[in-house]
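Accompanying notes for the structure given below.
To find a chain, count down the sequence lines: A is the first, B the second, and so on, and within it residues start at 1.
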Amino acid sequence: MMARIFDRMGVLGCIAIGFIGIVLLAALFAPWIAPFDPTVGSVTQRYLGSSAVHLLGTDQAGRDIFSRLLWGARSSLTGPIIVVVVTAIFGTGIALIAVWWGGLVDAGLSRVLDLLFAFPNLLLAMLAIAVFGPSLTTAALALAIAYIPYTARVIRSQAMRERNLPYIRSPQLQGISGTVITMRHLMPNIAPLIITGATINFGFAMIELAALSFLGLGVQPPEADWGLMISNGQQSLLNGYPAESILAGLCIVITVASLGYVGERLGGRAAAGRKA
Amino acid sequence: MLRIENLSLTIRAQREEIPVLHSVNLTVGRGESVGIVGESGSGKSMTLRSILRIEPDGSTVTGRITFDGTNVLELSGEPLRRLRSHEIAMIAQNPHAVLNPVLAVGRYLVEGMHDAQGMPTRAAKLRAGELLEQVGIDDVDRVLRSYPHQLSGGMLQRVVIAGAIAGNPKLLLADEPTTALDVTTQAEVMAILDDCRRELGMAMLFVTHDLDLAAAVCDRISVMKDGVVVEDGVPDQLRDNPRHPYTRELMASRPASIAWHGSKGATA
Amino acid sequence: MFIVRRLLALVGVLIASSFLVFAAMYAAPGSPENFLVQGRTVSPDVLAAIRQQYSLDDPFLVRYWNWLVNVLQGNFGLSLTNRQDVGELLANRLPTTFMLVAMAAILIVIFGIGLGVIAGLRDGVVDKVIILTSNLGFAIPTFFAALILMSIFSVSLGWFPVFGSGEGFLDRVWHLTLPAVALSLPSAAVVARITRTSIREERGSEHSVMAVARGVRNALVVRRHVIRNSMLPVTTIVGVHIAGLIAGSFVVEYAFTLDGIGTLLVNAVQRKDFAVVQAIAIILVAAFGVMNLLVDLLYAAIDPRVRGVRA
């Protein structure tokens with residue numbers, strides 16, 4: 001099993017998987033492994049360097065950076081997970097409905113998708129936030145809506161191809177219901193596409209959600225979040241205390257790069273042609 | 001004129017060495033037409049390509065390919081380019097892939113004559129028209145202005161033939177020139193190719209999977225299988241007295257209705 | 001014909017999206033007049049007067065129609081927070097954003113395509129280094145790149161200003177260089193990768209190989225057959241990414257506190273200034289649509305096959 005993973009992923013791929021694993025563990029067990037409360041600091045403890053007590057030092061509010069990074073992994077992962085799950089469910093659902101009913105339904109749905117395509121992702125998210133107020137959930141759901149057209153389009157064209165293949169057609173002729181055909185025959189064939197799409201979406205979502213938090217429109221302070229930490233640390237960085245921003249930024253960069261690498265090895269489909 | 005001796009070729013694909021040719025020997029005399037017959041994957045195309053040194057990147061070639069006394073495998077730079085532009089021309093299988101899809105047909109012909117052979121652009125443009133007439137194209141101007149996707153495979157293959165004979169090369173390499181074409185135009189294109197070759201006195205190395213076709217246009221035939229020449233001889237001898245079992249197999253598998261030399265028919 | 005059809009489609013999308021935006025703002029929880037008085041206690045009469053002034057009591061469709069007609073006449077209404085004319089506000093901000101996007105676009109074309117071509121044509125170390133860099137570059141969020149660039153080149157080295165957009169053309173270029181670099185980074189990385197792949201494919205294409213076989217000089221084959229043809233898919237990707245810069249610029253403008261459309265939008269969203277949000281959304285969707293249309297037209301211009309189908 002391990003050997004097979006290694007064969008498929010190579011050295012870099014294994015390092016990438018390792019890092020993703022660490023981030024996942026950090027997110028899951030943050031409450032137990034974080035030495036300090038991520039939201040509470042002390043004015044006497046500001047800008048401390050790395051020490052046995054504060055592994056990575058403290059920020060401008062005297063909060064432990066290591067603890068904040070661990071807790072930050074939580075919101076930094078839950079956001080993209082919401083995006084990816086919602087996108088996969090609705091993208092696939094819309095695609096299959098369009099393919100199954102075809103005709104007017106298909107045409108109508110693709111008009112709606114075209115309309116969504118007309119909005120840059122971040123703009124759509126910001127409009128939603130303007131209406132519903134800033135929060136991680138709003139930002140994540142809005143981004144999911146922005147991503148659905150991509151997923152739906154890719155899966156629709158694949159499902160359209162599969163639908164016309166004889167193995168799908170013949171049970172149809174035998175009078176088996178559409179749902180059964182979809183579940184038993186179509187799903188296994190479009191599942192790889194859904195998974196590759198999800199890994200690509202995850203990286204995009206992580207960066208765009210971090211950007212929204214950076215703009216003050218996503219995760220709200222004093223909550224710990226990598227994107228928010230970069231923006232919190234901006235002033236400190238310019239004043240010569242780079243730890244908070246740099247560490248949080250590196251967490252995002254390495255996580256996204258690792259996911260991208262693993263996703264590419266899995267599916268080979270590059271994250272190309274997406275509006276940023 | 002062309003002499004291939006002990007030609008072996010291995011291509012590398014994903015760190016794996018795949019042997020393609022094993023000690024192939026072959027000669028083509030001046031003005032002679034030689035066929036290589038075999039199924040796909042037998043290495044016949046690769047033999048042609050290594051003569052022009054356009055085998056895939058990362059291939060290792062050993063042996064000798066001499067053309068008029070010089071070893072092609074040792075050529076590089078300007079002498080190799082001259083060999084390609086003036087001495088040997090190739091006609092590949094799929095004309096739609098050979099012509100650059102974003103350049104007009106005229107540019108293809110001018111490129112060969114101007115950029116490769118050094119003819120002045122104006123002269124090359126005039127000559128392009130003449131060449132197209134020579135390969136039986138009537139509305140020359142329209143064809144010259146067309147883009148590859150606007151023309152049929154048969155029409156494009158004539159353009160490729162025109163480009164190949166433009167420099168009056170001594171040797172034509174034809175790699176299944178009619179296989180990718182519509183059945184109805186295959187015979188016509190083949191006839192044009194054969195006529196041009198005879199008229200201009202060019203030698204031809206003709207690759208095909210069709211033994212009958214090879215027999216019709218070739219003086220000698222080599223039968224290839226798995227990168228090895230298993231048998232060679234004149235068409236009549238191959239038909240009447242095939243020595244290698246594979247040749248017999250080839251003979252047996254062809255449809256009797258179009259058996260060569262008409263009435264004699266297949267013996268299998 | 002093709003252009004007319006695409007323009008009509010674009011107009012359709014614009015009308016639909018303007019309706020969507022307007023409806024979303026209309027349906028937003030909380031009433032606008034409460035926002036206008038900003039928590040002060042006012043008498044019902046004053047509230048009614050405000051509702052009257054902003055025509056808040058008209059039916060939804062009437063309000064949409066009035067708004068749309070005004071927008072078409074270039075009248076975007078007044079900002080809810082500072083009563084300024086939104087059109088004027090936008091006009092002051094547009095040059096910065098436009099210039100930032102234009103500079104980033106130039107960087108994407110030069111570095112994205114340039115490095116991609118080099119990586120595609122060279123084998124070995126150069127290729128590997130470029131691939132690795134572009135893999136990483138793609139994962140760097142623009143605002144993080146912005147901070148790093150700022151701390152290195154503005155704070156430590158003092159080569160570039162830290163904040164602001166500058167006055168006059170050259171000063172502006174100087175102020176916008178770091179933001180443009182940060183903004184272009186991820187897109188340049190993707191473009192470099194696509195270009196490399198495309199160049200590799202064209203290098204192995206039959207028409208390139210046969211051009212070599214015909215004795216065409218190598219440099220010419222690379223220029224005419226490999227690079228030229230590999231630019232077809234690259235054009236689309238570059239176009240899509242340049243259109244995407246429009247949204248990406250929000251974040252970078254905010255990081256460098258530039259006075260562009262993006263900062264205006266972020267502030268408007270934070271303060272729920274719907275008049276400004278609507279106006280910017282419509283303008284950005286229009287710009288995005290026009291960019292995408294231009295890409296398609298450009299593509300049709302350089303690829304005769306597309307031209308043929310649509311002619």
Name the option with the most non-hydrogen atom pairs under 4.5 Å to chain A; the candidates are C/Val266, C/Val21, C/Leu147, C/Leu14. C/Leu147
A/Leu217, part contacting chain C, at a heavy-atom distance under 4.5 Å: side chain
With rounding to the nearest 0.5 angstrom, report the CD1 to CZ distance, A/Ile207 to C/Phe143. 7.5 Å
Cut-off 4.5 Å, heavy atoms of chain A, and the answer for C/Ile246 is neither
Given side chains that start at C-beta, do those of C/Met25 and A/Leu127 come closer than 4.5 Å, heavy atoms only? yes
Determine which pairs satisfy side chain to side chain donor-acceptor pair (under 3.5 Å) with at least one residue from residues 8-22 of chain C, sequence neighbours left out, and list them in order. C/Ser18-C/Tyr64
Residue pair A/Ala118 / C/Phe288: nearest heavy atoms and the distance that separates them: O-CD2, 3.3 Å
Using non-hydrogen atoms and a 4.5 Å limit, figure out which bit of C/Ala286 sits close to chain A: side chain, backbone, both or neither. neither
Could you grab the distance from atom CD1 of C/Ile148 to atom CG of A/Leu250, nearest 0.5 Å is fine? 7.0 Å
Side-chain heavy-atom pair A/Val253, C/Pro141 within 4.5 angstrom cut-off: yes
Please give me the minimum heavy-atom distance between A/Leu215 and C/Phe250, naming the atom from each residue. CD2-O, 4.4 Å
Chain C contact via A/Ile246 - side chain, backbone, both or neither, heavy atoms under 4.5 Å: both
Ranking A/Gly227, A/Pro242, A/Gly260, A/Gly249 by heavy-atom pairs under 4.5 Å to chain C gives rank one to A/Gly249
Parallel, tilted or perpendicular: ring planes of C/Tyr254 versus A/Phe214, cut at 30 and 60 degrees: perpendicular
Under 4.5 Å between any side-chain heavy atoms of C/Gln270 and A/Ile129, yes or no? no
Quick note, salt bridge (Lys or Arg N to Asp or Glu O under 4.0 Å) partners involving residues 179-192 of chain C, not counting sequence neighbours, are none
With only heavy atoms counted, which part of C/Leu20 is less than 4.5 Å from chain A, the side chain, the backbone, both or neither? side chain
